[in-house]
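Presented below is the structure to which this report refers.
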Amino acid sequence: MQPSSLSGLPAGVGEALEAEGVAELYPPQEAAVEAGVVDGESLVAAVPTASGKTLIAELAMLASIERGGKALYIVPLRALASEKKAEFERWSEFGVTVGVSTGNYESDGEWLGSRDIIVATSEKVDSLIRNGAPWIDDLTCVVSDEVHLVNDSGRGPTLEVTLAKLRKVNTGLQTVALSATVGNADVIAEWLDAELVESDWRPIDLRTGVHFGNAINFDDGSQREVPVDRGEEQTARLVADALDTEEEGQGGSSLVFVNSRRNAESAARKLTEVTGSRLTTDERDRLRELAEELRSVSDTDTSEDLADAVEQGSAFHHAGLASEHRSLIEDAFRDRLIKVISATPTLAAGVNTPARRVVVRDWRRYDGDFGGMKPLDVLEVHQMCGRAGRPGLDPYGEAVLLANDADGMEELFDRYVWADAEPVRSKLAAEPALRTHVLATVASGFAATREGLLSFLDNTLYATQTDDEGRLTAVTDAVLDYLAVNDFIERERDEVDGTERLSATGIGHTVSRLYLDPMSAAEMIDGLRDACADDATNTTDAMPAESGEYERVAPDDADGEPGFGTYSPVGDADDDVGDADDDTDDAAGEEDGKRTDITPLGCYHLVSRTPDMYELYLKSGDRETYTEICYERETEFLGDVPSEYEDVRFEDWLASLKTARLLEDWADEVDEDRITERYGVGPGDIRGKVDTAEWLLRAAETLASDVEGIDGDAVLAVRRARKRVEYGVREPLLNLAGVRNVGRKRARRLYEAGVETRADLREADKAVVLGALRGREKTAERILEHAGREDPSMDTVDADASASAAATAGSSGGDGGGDGQSSLGDFG
DNA sequence: TTGCGCTATGTCTAGACAGCATGTC
DNA sequence: CTAGACATAGCGCAA
């Protein structure tokens, strides 16, 4: 079937596709057309990755737009949103416009309504529905990419409920669901009233095999000789073999999947021996440049190790990397500059990074709940394998699993090579998921009674899958109780017909719109109220002692009451607790003359113990460290501190305290590398935590001003804490850090040089500013401009030496151009 | 006593969505 | 029911 033979598309689209090289539709695409995607039929396409799924979606969207409609494309990852947008923008010559909306990035509110195609994450779509985005009603076509995500217990329910809502608002909405090949695509099709196209067809052949001994044994019965010498690593040998195989003059790059960050890093280091000796001089030069760029992203060991490996043509990839690291690596890999990446599953589901050969080195991963090493899902391994085969470069892709012996090889063949992916199962009937979605469903008017709610939930995948109707009802009732107790919904019995009416309270609406887990909201409200109540009854001793030591007093009543231990301050310090270099006293706190007992640490702990913040893991020794801090700073926590004897709860509390301390360190201008070292995290983790904290603190501010019993001082305290964590600076630097292109580092340098505020920036001696910014004229000019200075030009200005010295003394190390990584507007 | 190399024991473990609008004399 | 890479402590031994 030729693209130009399709009717219903905007004029010229078929020809344009043919000009792009799509002479014939792929078989699955043809099947989709036959099933009626171009005519507005709903469709589930369960086909392998990179087999032209996107084109199926494009045909549906373009045809829908041609009929005067509007399309929504739901992506599973923020990073994919921009990738898809760029892809769809090639239709702009046919008048098709594209907009993106994710938590991160938004191509302007009102404006979205005028776009023909909108790309968004499922959570963002959910949020837009909750907030009543007007264009939702205008949708005629929705595409859900990677629908098998409904199987995920954390995020699946959101996708499920969101699709149900879209279809409810918009009867006759064309639903196109793109899925990996899963065990029960038919059930998904049944749920969505859609036609089903299922296929294993791939445009680039994929050979899957298992390496054992001296050869890879492929699923098609062929073998490839890859002898492993004694003392040599299987992985290294396979990567070398791919590189040495010249196909059309190209050595093939590889992707190695491993099961932990540490393994990813150590594998990358080992693989430098393979890649380093196979580089041209030109590649070496370009890699050195890339390495410098990577180093300047962040002053951490992770950054350094990554750059060292990259200089040799090898890289690692995991969520501890900063996002700038990740995209630099991905781009360089696509450009074939980097020869091998060893990665955790980040890369399996993320942006498109095909390789000639994929090596699945580890097929088991630690899982605490499982109690050991758990075999990966078949679906996950298939996704990894699916990354093999670069379109236009490789005649076929190779995916290789590793076995140590014949038995192992047989097991891998049975378990993964021959196996079909697991069926997808809805995870909706769980309290955390329903807590959020029941509230949102009631708040945004999709249901007004318990029965209405249950009948709405009948439109979900869960309902079409389950044979146990009772379970969903039971969990829903439990959740309704929870929401009512916490004052998020109201239940009123109608005197006439006896039905129970459900409605969201004011605060319930707010929680729904803020996209908070109601439990997070409840925790934050309780904590802040508690602090304000203490404040009112206890104004004189509410002041936290600056350096006081606290000694725990065991609960005085040993009866069965599950109460909390009581703690009281003790005047005399008898030992030296805490790092000397780590004083967190915040002199600036007193500057406004009004002391509130809500400290940043208190705020950070409050949001850290919320279910919306995922926990940092307590390592050995952490228990003691943080128990100690818990007593030392007992007065700062908002709400009750659980007793040390209440094991599980206390453990969670300490884990949250660890997160809170990380945030506090960040807000105290502790160097990034100190933080990564101290908490055992990567630069990417810090950014993630900071972002989440920022979001939750902002939500806490909104809640606090909406709710009874929380005073204005508390709101201000939360705001201050939020700004400090947002910019990563102490109080006095807040003003400076608000200037674009001034992050925590530049703000500190300017401050040390005597430029203390935005206003100073406009008045200050340019030589001083330039000195503080280490002589970088362009940076200085941009900053002055953003500060509102009339004449930002730095021509004829010489850097002031003493300012430069003061600035350097203030911060450690860190050269390279990309400093100030905490500022959003930074560029390379 | 010092230094070395070995083994027993202990430690640690993937990923990632959301909101929101800034400041000024 | 289930792991494995790596670091560190602890030990025996030889010089």
Side-chain angles (χ1 to χ4, degrees), chain A residues 74-81 101-106 109 120-128 130-131 149 152 154-159 162 257-267 270 317-321 323 343-350 361-368 370-376 380 404 436 440 510-517 520 610 612-614 617-622 680 682 684-685 687-689 691-703 719 722-723 726-727 734-740 757-759 762 786-788 824-825:
Chain A
I74 303 177
V75 288
L77 256 30
R78 283 198 296 236
L80 286 170
S101 180
T102 68
N104 242 5
Y105 173 77
E106 170 129 19
T121 55
S122 38
E123 286 79 6
K124 186 65 188 192
V125 177
D126 186 16
S127 168
L128 288 164
R130 296 181 188 196
N131 286 288
L149 190 75
D152 183 280
R155 301 180 55 205
T158 302
L159 179 56
T162 300
F257 285 105
V258 298
N259 64 2
S260 74
R261 293 179 178 189
R262 198 170 61 171
N263 284 338
E265 296 186 13
S266 72
K270 283 181 206 152
H317 190 286
H318 58 64
L321 298 183
S323 54
T344 57
T346 8
L347 221 52
R361 197 194 76 176
D362 302 332
W363 55 279
R364 282 180 291 215
R365 187 166 50 221
Y366 179 82
D367 180 339
F370 185 72
M373 299 301 277
K374 187 182 179 183
L376 301 187
E380 202 174 341
N404 302 318
T436 300
T510 305
V511 170
S512 170
R513 280 199 308 267
L514 288 171
Y515 212 78
L516 288 174
D517 182 329
S520 299
T610 257
D612 278 308
M613 177 85 85
Y614 89 109
Y617 183 82
L618 282 186
K619 301 185 184 185
S620 77
D622 281 355
D685 299 300
R687 286 312 309 172
K689 287 271 177 289
D691 272 356
T692 309
E694 210 180 304
W695 163 50
L696 289 171
L697 287 167
R698 201 180 283 269
E701 280 172 53
T702 309
L703 286 174
R719 176 167 308 155
R722 188 203 84 214
K723 285 189 177 168
E726 181 176 346
Y727 299 130
L734 278 178
N735 183 285
L736 265 184
V739 179
R740 259 192 78 188
T757 62
R758 175 185 288 256
R762 282 196 293 263
H786 289 137
L824 296 167

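Protein chains get the first letters and strands the later ones, always in sequence-line order, with residue 1 at the start of each.
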Sequence-distant partners of A:R758, salt bridge (Lys or Arg N to Asp or Glu O under 4.0 Å), two or more places apart: none

Length of the CD-P vector between A:E701 and B:dA18, whole Å: 20 Å

Gap between atoms NZ and P, on A:K689 and B:dC17 respectively (whole Å): 13 Å

Check: A:D152 side chain, A:G154 main-chain N or O, donor-acceptor pair, under 3.5 Å: yes

Sugar-phosphate, base or nothing in reach of A:N259, heavy atoms under 4.0 Å: sugar-phosphate

Heavy-atom pair of closest approach, residues A:A348 and A:F257: N-CE2, 3.7 Å

Nearest-angstrom distance from the residue atom CE of A:M613 to C1' of B:dA18: 13 Å

A:T610 side-chain N/O to A:M613 backbone N/O, donor-acceptor pair under 3.5 Å: no

Interatomic distance, A:T121 atom OG1 to A:L77 atom CG [nearest 0.5 angstrom]: 9.5 Å

Sugar-phosphate, base or nothing in reach of A:S266, heavy atoms under 4.0 Å: sugar-phosphate

Any donor-acceptor pair under 3.5 Å from A:R155 side chain to A:P76 backbone: yes

Contacts of type salt bridge (Lys or Arg N to Asp or Glu O under 4.0 Å), residue A:K619, not counting sequence neighbours: none

Base versus backbone protein contacts along nucleotides 19-25 of chain B [heavy-atom cut-off under 4.0 Å; B, S, -]: BB--SSS

Atom-pair distance (CG on A:L80; C1' on B:dC17), nearest Å: 13 Å

Distance-only donor-acceptor test (3.5 Å): side chain A:Y366, base B:dA14: no

Residues A:E380 and A:R365 bridged, charged N to O under 4.0 Å: yes

Taking only N/O atoms, report every protein-nucleotides 9-12 of chain B pair under 3.5 Å with atom names and distance.
from, atom 1, to, atom 2, distance (Å)
B:dC12, OP2, A:S620, N, 2.8
B:dC12, OP2, A:S620, OG, 3.3

Watson-Crick and G-U pairing of DNA chain B written in dot-bracket, each distance under 3.5 angstrom, with | for inter-strand partners: |||||||||||||............

Cationic tip of A:K689 above A:Y614 ring, under 6.0 Å, 45° of axis: yes

Between C1' of B:dC17 and CG of A:L516, the distance in whole Å: 13 Å

Chi angles and distances behind the side chain to side chain contact (heavy atoms under 4.5 Å, CB included) call for A:N259, A:M373: CA-CA 10 Å; A:N259 64 2; A:M373 299 301 277; 3.3 Å; yes

Taking every non-hydrogen atom, the tightest pair across A:T436 and A:D517: OG1-CA, 3.9 Å

For A:A120 against A:V125, the heavy-atom pair lying closest together: CB-CG2, 3.8 Å

Contact boundaries on DNA chain C for chain A, cut-off under 4.0 Å to non-hydrogen atoms: C:dT2 to C:dC6

Donor-acceptor side-chain pairing of A:D126 and A:T158 below 3.5 angstrom: no

Same-atom distance (P) from B:dA16 to C:dA3, integer angstrom: 28 Å

Check: A:G688 main-chain N/O paired with A:D691 side-chain donor or acceptor under 3.5 Å: no

